[in-house]
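Comments concern the structure below.
This one's a predicted model, so the numbers in the text were calculated from it and none came from an experiment. All values below come from the heavy atoms of this structure, side chains included, with hydrogens, waters and symmetry mates left out.
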Amino acid sequence: MQQAVRERARPRPASPPAPRCSQRTLFLWAAALLLAGDALFWTLYAQVQTTSGLVLLDGPVHDALLGICGPFLTALAGAVSAATSPLLISVVCVGFCVAWWIRGRELWRPAVLLFAMAFTEVVTTAAKEWVARPRPPARNFLLGPEDALSFPSGHTAGTTVFLFALAYFVASRSGRRSTAVLAPPAAVAGTLLAAFSRVYLGYHWMSDVVASFGLGLAVTAIVVFADAVRRGSEGADPGGADSDPAASRGAISGGAISGGARRSG
């Protein structure tokens with residue numbers, strides 16, 4: 001009888017949580033994103049200035065997409081382009097961050113996300129004026145005229161920062177392995193969809209959106225770095241039990257049950 005009580009009281013092992021990144025690992029990720037993003041952006045910038053490299057494929061890709069235009073693809077690309085416009089995605093980001101702050105009673109991550117989006121908009125606008133690259137021929141615009149310059153793409157850069165920063169925050173805090181695995185590919189898919197819509201609709205060259213993706217990665221690196229510094233200053237060990245209240249409660253309750261079982265025996 002006492003043996004059966006001990007067996008029932010013994011805590012069952014919980015399913016393994018997703019591995020938590022240390023501060024050093026986050027610094028390495030931030031450095032990798034910054035180097036990759038900067039290299040991509042500045043390489044494309046140099047190729048735009050010299051009409052070389054990937055820029056040589058801009059015309060053929062533009063013409064190929066014109067050849068597959070259809071009502072369904074145009075409607076889909078138009079909806080994606082409207083949803084990822086710098087103005088709309090900024091409004092969505094502000095509303096999302098305010099709701100996050102009120103519901104989660106947390107200010108740090110929403111504030112970092114807002115700063116990253118605002119910084120991206122400023123850098124993108126300045127880069128457009130600096131590079132002054134014309135858009136593709138206006139006769140091929142599928143949804144009407146657009147006057148802004150072409151390099152880089154504000155839609156692609158803003159979407160990259162919003163989705164990748166959000167994916168990082170979710171994956172690094174959720175504690176679920178499935179979330180950590182699925183969040184980055186979801187961010188990549190959303191960014192590619194936004195980039196494709198801008199090239200398909202005729203408003204950007206392919207090299208514009210590739211450079212914008214690099215810009216977005218570089219800004220995301222700043223987000224990861226700032227969050228890593230914050231987590232380090234709080235003195236929390238991302239891989240320890242102190243960072244997981246649920247695990248701590250489970251350990252305490254498991255110890256209490258085991259202790260009770262030993263006393264009853």
- Message: Looking at every heavy atom in both Asp38 and Ala218, which two are closest together, and how far apart are they?
- Response: OD1-CB, 3.8 Å
- Message: In the structure I gave you, are the side-chain heavy atoms of Val55 and Arg133 within less than 4.5 Å of one another anywhere?
- Response: yes
- Message: Determine whether Val223 and Phe164 satisfy the following criterion, side-chain contact (heavy atoms from CB on, under 4.5 Å), listing intermediate values before the conclusion.
- Response: CA-CA 10 Å; Val223 172; Phe164 272 75; over 6 Å; no
- Taking every heavy atom of Tyr200 against every heavy atom of Cys69, the minimum-distance pair comes out as OH-CA, 3.2 Å
- Query: Judged by atom type as modelled, is there a donor-acceptor pair below 3.5 Å linking the side chain of Ser153 to the main-chain atoms of Val209?
  - Reply: no
- Rounding to 0.5 Å, atoms CH2 (Trp101) and CG (Leu114) come to a distance of 11.0 Å
- Could you check Asp208, Thr124, Val123, Thr120 and say which one makes a side-chain contact (heavy atoms from CB on, under 4.5 Å) with Pro152? Thr124
- Looking at side-chain heavy atoms only, is the closest gap between Leu113 and Cys93 below 4.5 Å? yes
- Worked verdict on Trp205 versus Val48 for side-chain contact (heavy atoms from CB on, under 4.5 Å): CA-CA 10 Å; Trp205 303 108; Val48 166; over 6 Å; no
- Task: Would you check if Tyr203 and Leu143 make a side-chain contact, meaning some heavy-atom pair closer than 4.5 Å?
- Result: yes
- Query: Which class fits the ring pair Trp130 and Trp42: parallel under 30°, tilted 30 to 60°, perpendicular over 60°?
  - Reply: perpendicular
- Is any side-chain heavy atom of Gln47 closer than 4.5 Å to a side-chain heavy atom of Thr43? yes
- Message: Would you say that Tyr45 contacts Val131 through its side chain, given a criterion of any heavy-atom pair below 4.5 Å between the two side chains?
- Response: yes
- Minimum heavy-atom distance between Leu40 and Phe213, given as atom pair plus value: CD2-CD2, 3.9 Å
- Gap separating the CG atom of Leu54 from the CG atom of Leu44, nearest 0.5 angstrom: 5.5 Å
- Query: Would a distance-only check, ignoring hydrogens and angles, find a side-chain to backbone donor-acceptor pair under 3.5 Å from Ser85 to Ala82?
  - Reply: yes
- Under a single-linkage definition using a 4.5 Å side-chain heavy-atom cutoff for Ile, Leu, Val, Met, Phe, Trp and Tyr, are Val122 and Leu149 assigned to the same hydrophobic cluster? no
- Message: Measuring from atom CZ of Phe41 to atom CG of Leu217, what distance do you get when rounded to the nearest 0.5 angstrom?
- Response: 12.5 Å
- Item | Distance (rounded to the nearest 0.5 Å) between Trp108 CH2 and Arg230 CZ | 6.0 Å
- Item | Contact summary for Pro86 and Ser90, nearest pair of heavy atoms | O-OG, 2.6 Å
- Query: Taking atom CG of Leu33 and atom CD1 of Ile222, what is their separation to the nearest 0.5 Å?
  - Reply: 11.0 Å
- Only one of Val161, Val219, Val94 forms a side-chain contact (heavy atoms from CB on, under 4.5 Å) with Met117, so which one is it? Val161
- Query: Taking a hydrophobic cluster as the set of Ile, Leu, Val, Met, Phe, Trp and Tyr residues connected by side-chain heavy atoms closer than 4.5 Å, whether directly or through intermediates, do Leu201 and Ile68 fall within one such cluster?
  - Reply: yes
- Item | Nearest-0.5 Å distance, CG of residue Leu215 to CZ of residue Phe119 | 8.0 Å
- Message: Donor-acceptor check, side chain of Asp58 to backbone of Ser207, threshold 3.5 angstrom: yes or no?
- Response: yes
- Task: Establish whether Leu166 and Ile102 are linked, either directly or via other cluster members, by ILVMFWY side-chain heavy-atom contacts under 4.5 Å.
- Result: no
- Query: What's the shortest heavy-atom distance between Ala228 and Phe27, and which atoms?
  - Reply: CB-CE2, 3.6 Å
- Is the Phe162 ring parallel, tilted or perpendicular to the Phe96 ring (thresholds 30°, 60°)? perpendicular
Indicate every side-chain donor-acceptor pair of residues 181-199 with a distance under 3.5 Å to a residue at least two apart or in another chain.
from	atom 1	to	atom 2	distance (Å)
Thr191	OG1	Ala187	O	2.9
Ser197	OG	Ala194	O	2.7
Arg198	NE	His155	ND1	3.4
Arg198	NH1	Ser81	OG	2.7
Arg198	NH2	Glu146	OE1	3.4
Arg198	NH2	Glu146	OE2	3.1

